[in-house]
Every structure is written in C-alpha cells, then in structure tokens.
Enquirer: 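Quick one: the structure is below, and I'll ask about it shortly.
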Number of protein chains: 4
Amino acid sequence: MHYQDVLDEVAAHVAPHIGRGQVAQYIPALAAVDPDRFGIALADVDGNVTGVGDWERPFSVQSISKAFGLALVLAQDGEKLWRRVGREPSGNPFNSLVQLEHENGIPRNPFINAGALVVTDRLHSLTGDASTTMLDFLRAESGNPDLAFDPVVAESESGHGDRNAALAHFMASYGNLDNPVPTVLEHYFWQCSIEMSCRDLALAGGFLARHGLRADGSRLLSRREAKRVNAVMLTCGTYDAAGDFAYRVGLPGKSGVGGGIIAVIPGRCTLCVWSPGLDARGNSVAGVAALDHFTTVTEWSVF
Amino acid sequence: MHYQDVLDEVAAHVAPHIGRGQVAQYIPALAAVDPDRFGIALADVDGNVTGVGDWERPFSVQSISKAFGLALVLAQDGEKLWRRVGREPSGNPFNSLVQLEHENGIPRNPFINAGALVVTDRLHSLTGDASTTMLDFLRAESGNPDLAFDPVVAESESGHGDRNAALAHFMASYGNLDNPVPTVLEHYFWQCSIEMSCRDLALAGGFLARHGLRADGSRLLSRREAKRVNAVMLTCGTYDAAGDFAYRVGLPGKSGVGGGIIAVIPGRCTLCVWSPGLDARGNSVAGVAALDHFTTVTEWSVF
Amino acid sequence: MHYQDVLDEVAAHVAPHIGRGQVAQYIPALAAVDPDRFGIALADVDGNVTGVGDWERPFSVQSISKAFGLALVLAQDGEKLWRRVGREPSGNPFNSLVQLEHENGIPRNPFINAGALVVTDRLHSLTGDASTTMLDFLRAESGNPDLAFDPVVAESESGHGDRNAALAHFMASYGNLDNPVPTVLEHYFWQCSIEMSCRDLALAGGFLARHGLRADGSRLLSRREAKRVNAVMLTCGTYDAAGDFAYRVGLPGKSGVGGGIIAVIPGRCTLCVWSPGLDARGNSVAGVAALDHFTTVTEWSVF
Amino acid sequence: MHYQDVLDEVAAHVAPHIGRGQVAQYIPALAAVDPDRFGIALADVDGNVTGVGDWERPFSVQSISKAFGLALVLAQDGEKLWRRVGREPSGNPFNSLVQLEHENGIPRNPFINAGALVVTDRLHSLTGDASTTMLDFLRAESGNPDLAFDPVVAESESGHGDRNAALAHFMASYGNLDNPVPTVLEHYFWQCSIEMSCRDLALAGGFLARHGLRADGSRLLSRREAKRVNAVMLTCGTYDAAGDFAYRVGLPGKSGVGGGIIAVIPGRCTLCVWSPGLDARGNSVAGVAALDHFTTVTEWSVF
C-alpha cells in the first residue's frame with residue numbers, strides 16, 4: 001500500500017467536512033485560526049514521513065502534549081505514578097469535579113485536565129523544569145530544533161485559567177500536588193502552547209508505534225509500558241468521546257482543542273491529522289472523519 | 001507458536017492466584033461455586049479449540065451474555081440501537097443512577113446493567129423471545145446443543161433483582177423500554193443464567209475474531225460492525241476496570257460475575273478463561289492474571 | 001384582627017396570580033382541573049374555620065398527605081423512624097437518586113417521594129392498612145365523614161408510577177422497605193388520591209397549630225413532636241423551594257401538585273390555600289403568593 | 001422568666017456534654033483551644049445582656065461572620081444579591097462542588113463557603129473594604145471597640161486555603177466574582193478570624209431579634225429583610241445539619257467551627273453559645289445541646 005495515495009484519498013474523502021464544527025473560542029489566540037485548514041501526516045516506524053494538505057503548518061498542540069507528558073513520567077517513574085492518578089475513563093464532563101471530590105483528589109486518568117496537572121507536577125519534580133523537558137524531547141523526536149512555545153497562547157491560557165486553577169487548588173487541598181499551584185499551572189500552560197505541525201507530531205509520536213523506541217533507537221519505554229500508554233490513549237484519549245472514537249476509528253489516539261489528533265497503529269506507523277473545527281466534545285470534526293476513513297480503507301484498526 | 005504449550009504455561013503461572021478474591025455472594029446459586037476452579041480455552045478462527053484445567057466445566061455466564069446480546073441486536077438493527085443507549089465508558093459505579101438521571105434515561109453503554117436491559121428489550125421486540133434467541137445462537141456457535149438455562153440461578157436473580165427492577169422502571173419512566181418491565185427483567189435474568197464452559201464460550205465468541213463471520217461461514221456482522229463490538233468490549237467490557245484491563249491485558253474482553261471472561265484477538269482467536277474468585281470490581285482475579293500473562297508471553301495485545 | 005377581612009384582602013391581592021403557572025400534567029385526572037380555581041381557609045386552634053373563594057371544593061391532596069403520614073408514624077413510633085429516613089433538606093431534584101445511592105438507600109427526608117414511601121411502608125406495618133388509617137384520621141380531624149379516595153386518580157398515578165417504582169425497588173435493594181414494593185406503592189398512591197377541600201385540610205392540620213392536640217382534645221403528638229413536624233415542614237415541605245418558601249412566607253408548610261398548600265402558625269391557626277397553577281418547582285403560584293401576602297399583612301411569620 | 005436562672009439551668013444541664021466532640025483541627029490556631037470551655041449569653045431586644053460560664057472570653061467567630069456579611073450586603077443591595085447566590089439548603093457536603101458545577105457557578109446559599117465568598121466579593125465592591133466594614137459594624141453593635149482580627153488565625157486560614165481557593169477560582173471561571181480571587185479570599189479569611197465573646201455576639205446579632213433595628217435604633221434592614229435573614233439562617237445556618245437543628249432547636253441559628261452558635265428568637269432576644277468541641281458536621285456539641293435545652297425549658301421555639 002502506498003501511503004501517499006491513501007492520504008490523498010483520505011483528504012479527498014473528508015473535503016466536505018473541512019470547516020465544519022467550531023474553532024475553540026475560549027482564548028483569542030486559538031479563536032483566530034483559519035477554520036479551513038486541513039493536514040494529515042503519517043510517519044512509519046522507520047521515520048519516513050508523508051503528508052497531505054497543511055501538514056507542515058504549525059498549530060497549537062494543546063492536550064496532545066498530555067500523551068508526551070505521560071510517557072516522560074512513566075519513563076522515569078514507572079508504575080509509581082498510578083498512586084496519584086487513575087487510568088479509568090472519566091465518564092462525562094459533568095464528573096470532573098464531583099469525581100475528584102468523590103475520590104479524594106485522585107484524578108480519574110492522566111488525560112483529563114486534573115490528571116495532566118498531576119503528571120506535570122510529577123514531571124517538574126523529576127526534572128526541575130517540566131515544560132522545557134517536554135520541548136526538548138519533542139525537538140529531538142521530531143528532528144525539528146525550531147519547535148517553540150507560543151507565548152501569546154500560554155499567556156492567554158493563564159488569563160483564562162480559573163478552572164484549571166480550581167482543579168489544582170482542589171487537588172492541593174488533598175495533598176496531591178508537590179509543587180506550588182502557580183508553578184504547576186505555568187508549566188501546564190506552556191506545554192499546551194507548543195506549536196507543532198502534523199509532520200512534527202507524527203514523528204514525535206513514533207516511539208508509540210515502535211513499542212517504546214525513540215527516533216535514535218534508544219529505549220524510552222519498555223514494550224509493556226508503550227502498550228500501556230497506547231491503552232490509556234484508546235480508553236481516555238479523546239475527552240468524553242473515547243468510546244465513540246474507539247468505535248469509529250479503533251486506534252489509540254490523543255486529541256487537542258487546537259484541532260490536532262495523533263493516532264497510533266502499533267508496529268506500523270503514527271498518524272497526525274489537523275483541522276481546527278471541533279465537535280461538541282472538543283475533537284476535530286474533519287480529523288475524526290479522516291482517521292475513520294483511513295482505518296476503513298486500510299482495515300488497520302486494532303480491532 | 002503451539003497454543004497448548006502457551007495455555008499450559010499460563011495455567012502454571014497463575015496457579016498462585018487461583019482461589020484468591022471473593023466468589024460472588026449476592027445469590028446463593030453463585031456463592032456455592034468452588035473457588036479453586038480454573039480453566040482456559042482458546043478457539044482459533046478456524047474453530048479449533050484447545051484448553052487447560054476446568055475448561056469443559058459449565059459455569060454461569062452472567063454478564064458475558066451482554067456481548068452476545070449486543071451482537072444479535074446490531075446484526076438486525078444496525079446503528080439504530082445507539083439512539084437508546086450510548087457507547088461511552090461509564091466512569092464508576094457511583095454514576096450508574098446519577099448518569100441515567102442526568103442523561104434522561106439513556107444508559108451510558110450496552111454493558112452496564114441499564115444498557116443491557118435496553119438491549120434485551122430491543123432483542124425481545126425484534127425476535128419475540130430474547131432469551132431463547134440468545135440460547136439458540138449460543139448452541140449453534142458452540143456446536144453444543146445441550147446448552148441450557150439454569151432455572152435455579154434465574155430464579156435467584158429474580159429474587160434479588162430490586163436494583164435491576166429500579167433501573168428498568170427508571171428507564172421506563174423516560175420511555176426507554178418498549179416491553180413491560182417484568183418481561184424485560186425475566187429475559188435479562190434468563191440470559192444471565194445460561195451455563196457454558198470455557199470451550200463453549202471461546203467457540204461462541206469466534207465471530208468476533210472472524211470479523212463477523214459465524215461458525216458456519218455465514219455473516220452475522222459486517223467487518224465494521226464486528227470491529228465496533230470489539231471496540232465497545234475494550235472500552236466498556238470489564239465494569240469499572242475497563243481502563244485497567246486495557247492497560248494490563250490490552251484486548252477486547254467481557255467479564256461476568258460467574259468468574260468467566262472472554263477476550264478477542266481479532267483475526268486470530270477467541271479466548272475464554274474462568275475462575276470464580278472476583279476482585280473488588282467484579283472481575284476474576286486469576287482470569288485477568290491469566291490474560292495478562294497470555295498477552296505478555298505472546299505479545300498479541302492489540303497495542 | 002378579623003380573619004374573614006384578612007382572607008378577603010388576600011384573595012383580592014392575589015387575583016392577578018390566579019390561573020398563572022401550569023396545572024400538573026403527568027396524569028390526566030389532574031390535568032383536567034380548572035386552572036382558575038382559588039380558595040383559602042383558616043382554622044383557628046379552637047376549630048373555628050373561615051374561608052374565601054373555592055374553599056369548600058375538594059381537590060386532590062397529593063403530597064400534602066405526606067405531612068399527615070409523618071405525624072401518624074411519629075405518634076406511634078416516636079424517634080425510631082429516623083433510622084430509616086433523614087430530616088435534612090434534599091438540595092435539588094437532581095439529587096433524588098444519586099442521594100439515595102450515595103447514602104445507602106436512606107432518603108434525605110420524609111417529604112421527598114422516597115422518604116414518603118418509607119413512611120407509608122412503616123405506617124402500613126404499624127396499622128395493617130396505611131391508606132385507610134390516613135383516611136380515617138383525616139375524616140375525624142376534618143369532621144367530614146364523606147372524605148374519600150379518588151379511584152381514578154389512584155389508578156392514574158399507578159399507571160404513571162415507574163419513577164416511584166424505581167425509587168421503591170432501589171430502597172428495597174438496600175433493605176429499607178419491610179412490605180412488598182407493590183403494596184407500598186398502592187397505599188402511597190391511594191393516600192395521594194384523597195380528595196379534600198381547603199376547609200377540610202385547615203381543620204385536619206389543626207393539631208400542628210395546637211402543639212399536638214387533636215380536634216377532640218386528645219393528644220396525637222407531644223409538644224416536642226409537634227414542633228418537630230413543623231420544623232421538617234419548614235425545611236423540607238415545599239420540594240426544592242423550601243428555602244424560598246421560608247424566605248417569602250416564613251411558615252411551616254406542605255404543598256402538593258394538586259395545587260394545595262397547608263401552612264401552620266403555631267399556637268394560632270392552620271391555613272390551607274388552593275389554586276391549581278404550579279410554578280416550575282411544583283408549588284401553587286397563587287397559593288404561595290397568598291401566603292406571602294397573608295404573613296406580610298398579619299406580620300405572623302415565625303421569624 | 002428570669003434569664004439568669006434559665007441560663008444557669010441550661011449550663012448545669014449541658015455540663016456532661018462539655019468537652020465532647022472534636023476541636024477543629026484544620027488550622028493550628030484553632031486546634032490549640034481548650035476543649036472544656038463553655039459559655040452562653042442572652043441579649044434581649046433592649047440590649048440587656050446576661051451570661052454564664054466563659055461568656056466573656058473571645059473566640060474565633062469563623063462562619064458566624066457569614067450571617068453579618070449577608071445582612072450588610074442586603075442592607076445596601078436589597079434583593080439584587082439573589083442573582084448571584086441562591087437561598088436553598090445545600091443538601092449535603094458531597095454536593096458542594098457538583099452543585100456549583102451543575103448550576104453554573106451559582107452557590108446554593110450564602111452560608112456555604114462558596115456563597116459566602118460571593119457575599120464577601122459583593123461587600124467588597126460596595127464598600128471598598130469588606131473585612132474592615134464588618135469589623136466596624138460588629139464593634140458598633142457589640143459596643144466593644146476592642147474587637148479585632150486575629151492575624152495568626154487569618155494567616156493560618158490562608159495557608160490552608162486551597163479548598164476555598166478552588167471554589168473561588170471555579171466561580172470566577174463562571175464570571176461570578178467581580179474582584180480578584182486573592183482579594184476575595186483575603187477578606188474572607190480576615191472576616192473569619194475576628195475574635196468575639198458570647199457577650200459580643202449576642203449583642204451584635206440584636207438587630208435580628210429587633211426586626212432589623214440596630215443597637216442605636218437606626219434601621220439596618222426592613223422588617224421583611226430581617227425576617228428573611230432569619231429564614232435563611234433557619235434553613236441553611238448550620239451546615240448540613242440545618243434540618244436537624246430546626247428539628248431539635250427550632251430557632252434561626254448560625255454556627256462556626258470555632259465552636260460558637262448564635263440563635264435568634266424574633267421579637268425577644270438573641271443568644272450566643274460557645275464550646276469548642278464539634279460534632280461530625282461541624283457544630284458545637286455542647287452548644288447545640290444548650291440551645292435544645294433552652295427551647296425545651298422556655299418553649300420559645302419558633303414552631
């Protein structure tokens with residue numbers, strides 16, 4: 001199968017979906033993005049990368065950064081993280097705070113905001129600088145030394161960060177943060193603000209398809225750990241739509257409100273798709289449609 | 001790889017776990033089961049079946065029946081079912097009723113009790129006899145014409161069925177049941193009371209590994225639908241432990257409080273393991289350990 | 001102060017409110033009531049009764065019966081009831097089932113439906129016939145031997161009773177009902193279906209103003225117990241609007257979806273107002289306005 | 001009735017309860033209080049004050065300040081406050097955050113912490129200095145110019161304030177705070193840290209018994225408004241035990257975790273009782289027992 005042909009076919013198929021949905025509105029820096037963008041890239045396990053459309057144009061990674069944060073903490077800390085965060089799907093958005101309250105400040109999984117704040121807190125304790133650690137890792141894996149934070153986005157997140165501040169203070173009240181709340185929030189917002197293209201992200205997520213091996217062949221995660229990150233992505237990676245994503249796409253994936261989604265076909269390749277229009281649950285409309293069609297055409301679902 | 005050797009190795013590995021956990025206590029008929037039983041069977045896509053231990057001893061399928069109910073309704077009704085039941089993981093047990101109330105009587109997914117009651121209601125409307133339809137299907141797929149309901153178990157379920165009655169009446173108050181509550185409950189309890197062995201279940205679940213083809217080669221589900229049942233099993237198949245099951249085992253699976261679990265390796269085989277001791281979330285302790293070890297040894301996780 | 005003048009003034013004041021709101025729609029027998037009815041009656045502690053408007057026309061007491069049920073159980077059982085039902089306000093409707101689940105089948109208070117089902121269950125155990133016991137009591141206190149159940153309403157409640165059935169089965173699953181679910185539901189629906197006029201109800205509630213003494217001078221409740229029933233009425237008597245009712249009216253009260261409300265001025269009198277149009281929380285629009293104006297004019301709030 | 005005799009009798013009656021319960025532990029400054037203290041004071045509507053035991057020893061008012069904050073805002077703002085905070089009982093502690101989330105950042109009532117933060121925010125906007133405004137008012141009403149904040153308590157609250165910070169940020173995320181979160185928290189903590197004796201508090205709360213008139217005869221609240229503050233105290237003033245407090249004591253009351261409780265007999269007097277040992281719901285064990293006995297002896301409940 002020729003990847004370029006498949007991606008061309010996918011792009012043609014989803015063209016009617018591009019521009020549908022709502023661009024994220026909660027911060028001005030995201031609201032200004034052109035809703036008609038669409039790009040998709042595929043990086044095979046050997047690091048060959050192919051793409052279509054706006055696949056080399058940077059966008060805000062937002063929650064996709066949570067997948068990398070989880071991998072970086074697991075790589076250093078192993079299973080210890082699970083004392084402070086669960087790995088079960090979170091049910092629905094309505095639960096975010098009631099769940100924390102009901103379960104004594106332990107977030108349901110590392111991909112809801114509360115869980116990602118705990119992961120950021122831990123990464124910061126382990127490395128002394130959570131956001132720079134992540135940026136360095138992403139530069140190395142993508143082979144793109146120009147990756148950078150977008151300070152306008154980070155600032156904007158911080159200015160609209162009351163809900164994340166509430167989550168962080170709430171977990172702090174249960175003793176589940178080691179660093180000061182403002183420090184954790186700052187690094188969390190910086191991680192979300194990293195700008196990357198589909199190309200960059202498909203390459204950076206290559207270790208998930210290579211069962212834990214980094215781009216330079218060194219091992220980040222054991223095979224077992226890599227499988228586990230993929231499992232958490234499949235069950236928790238797309239907000240409240242994880243069941244629907246598994247049902248339609250059938251691949252481990254992690255989405256962000258910037259409109260990007262990465263998806264993994266273990267042993268074969270990593271995909272990244274981007275289109276800013278979001279559905280009601282915060283996932284890219286054209287992005288989900290593209291991955292749905294990709295797995296239908298290729299029959300490469302994990303199921 | 002020789003299946004028999006792998007199963008022997010798995011059985012040896014989990015021997016220390018057998019007898020751990022608690023046998024289901026809520027009905028006498030289940031509480032009387034010997035906790036030291038353990039069996040595992042593997043049926044490949046060609047219908048060859050291998051097993052170890054108590055793999056030919058019948059046990060109560062309980063919630064494993066929910067996977068078959070879902071498949072039977074999808075086979076006749078296609079996507080229409082999803083108007084009446086969701087396909088997202090349910091979060092935690094605490095949510096069962098608040099979720100129903102919050103979402104106007106639409107159960108979160110077909111594998112929580114509320115969802116399975118809706119599936120049973122629909123199967124009954126489609127066939128005129130939900131429980132007999134399921135029994136006939138299981139007899140055909142397992143090649144075992146002696147499969148039967150256990151009337152003692154069914155009676156016992158009914159006698160302890162206030163919680164399911166509450167769920168059914170609550171959904172009825174939202175107009176989400178077509179048949180009378182007592183009818184739906186009766187067929188639901190009968191389905192749960194079917195007695196099958198690991199051998200029977202591994203064979204009966206073969207269509208999930210064969211991308212929808214039944215034992216006789218006829219098609220029950222389209223490839224896309226079969227993938228979807230597997231996706232729902234992975235995200236919702238093991239009660240509140242779906243995330244943990246995906247993390248440890250990495251296969252679509254469906255468990256029952258009788259101590260059985262079926263698991264699917266799409267394109268390759270269906271497994272069934274049985275041991276009555278349950279963990280706090282209702283899944284077989286030795287059963288999960290066996291599947292965990294199986295996927296570690298074979299590296300056949302979907303991730 | 002001349003009661004008749006005050007009631008005339010109140011009736012004149014609330015005239016613009018009569019007909020506002022929605023007549024209860026969930027059962028046909030209630031939906032057919034003329035929305036323009038309005039009556040108010042006042043019974044002093046000596047049993048003298050005065051009224052205005054439709055004060056002698058019978059209507060369906062519905063949840064007002066819950067106040068009498070509580071008094072009848074306390075009279076026989078004293079404080080033991082509180083092991084099975086709480087006496088805290090219930091928060092909001094959203095809590096009805098989640099609260100029961102969270103608190104192991106113990107309803108928050110005797111005036112939410114779940115709590116009233118427990119009270120009915122207990123009254124039935126104590127007397128052998130909960131609904132007849134209540135009817136006999138109401139006939140005696142009102143001096144009206146013609147009081148009767150409305151079989152059409154009782155039948156209609158039963159036919160639309162899935163939500164109450166869900167509550168009853170749910171409590172039964174926690175062991176908090178002693179009688180069979182259908183028995184408890186039947187007596188509960190019969191109690192709700194009793195037809196009484198404002199005159200009847202003002203007289204029947206006289207013991208609450210007389211610190212526990214019945215119409216014939218015998219003691220139903222101790223002074224302390226009578227105070228307690230009034231306290232529960234004030235904090236829990238008007239569904240989710242108890243705080244608002246206390247704020248506006250400032251009297252112990254109990255409302256029903258038939259449009260009636262009884263209110264108590266301890267040591268002085270009992271009021272009953274009726275007008276079928278309900279606000280969003282199920283309380284009579286003109287009824288609350290009438291009581292609000294009554295306490296403003298008389299300055300007889302308990303505060 | 002001679003007040004001094006009644007208070008002596010009450011003190012004798014509750015002697016066995018003194019020292020029971022747990023002194024508040026969450027901040028060191030409160031945990032150090034002697035658990036065996038007990039005092040009670042009664043101020044009649046003419047400003048005559050009587051007391052027993054430690055009735056002149058200052059303690060930390062904590063949440064009792066919420067009653068004064070509500071009165072001060074209503075005095076200036078009238079009914080407008082109710083757009084930003086409800087006046088319904090809050091149900092149970094479990095609801096604190098889920099309720100805020102479910103109802104879009106509008107706290108259930110002004111006496112739960114979230115509601116008091118909104119009241120403080122409003123008082124600060126109206127006066128430019130919420131905590132000094134309250135202190136000045138309390139000095140004037142108690143006739144004690146030496147009343148002061150305890151900076152150790154205020155500092156200690158702030159250092160353990162993650163949960164209140166979570167609530168404040170959460171409401172800010174819904175736009176329900178006008179001032180910066182740190183400002184609101186600071187004034188809230190200062191208000192809670194005010195030190196007053198039973199004598200001071202009984203006098204300061206005199207306007208609630210005088211239907212809104214201040215100590216100097218000027219009007220703070222209209223009669224209607226004073227009635228309303230009392231109504232909110234009765235339905236919401238003792239945390240999750242408002243129903244139980246109404247049931248046992250039958251008076252409007254407001255408690256604090258410092259062990260104090262004020263209670264109002266409209267038209268007659270204001271009481272303040274203090275004893276540091278708290279029950280599981282945060283109310284003074286000996287304090288509730290004293291008020292229970294007081295209303296039993298005097299028969300002065302509002303019911």
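By convention in this document, chain letters (A, B, ...) are assigned in the order of the sequence lines, proteins followed by strands, and residues within each chain are numbered from 1.
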Enquirer: So, for D:Arg248 and C:Lys227, which heavy atoms are closest and what is the spacing to 0.1 Å?
Expert: O-NZ, 3.0 Å
Enquirer: Would you name the heavy atoms of D:Thr235 and C:Ala246 that are closest together and state the gap between them?
Expert: CG2-CB, 3.8 Å
Enquirer: Would you mind checking if C:Asp292 and D:Arg224 are paired as a salt bridge, meaning a charged N to carboxylate O distance below 4.0 Å?
Expert: yes
Enquirer: Hey, which of C:Val264, C:Val232, C:Leu234, C:Thr295 has the most heavy atom pairs under 4.5 Å with chain D?
Expert: C:Leu234
Enquirer: Hey, does C:Arg87 have a side-chain heavy atom less than 4.5 Å from the side chain of D:Asp244?
Expert: yes
Enquirer: How long is the span from the CE atom in C:Met233 to the CZ atom in D:Phe303, to the nearest 0.5 Å?
Expert: 10.0 Å
Enquirer: Counting only heavy atoms closer than 4.5 Å, note whether C:Arg281 contacts chain D via side chain, backbone, both or neither.
Expert: side chain
Enquirer: For D:Arg20, enumerate each residue passing the salt bridge (charged side-chain N to carboxylate O under 4.0 Å, His left out) test, keeping only those at least two apart in sequence or located in another chain.
Expert: none
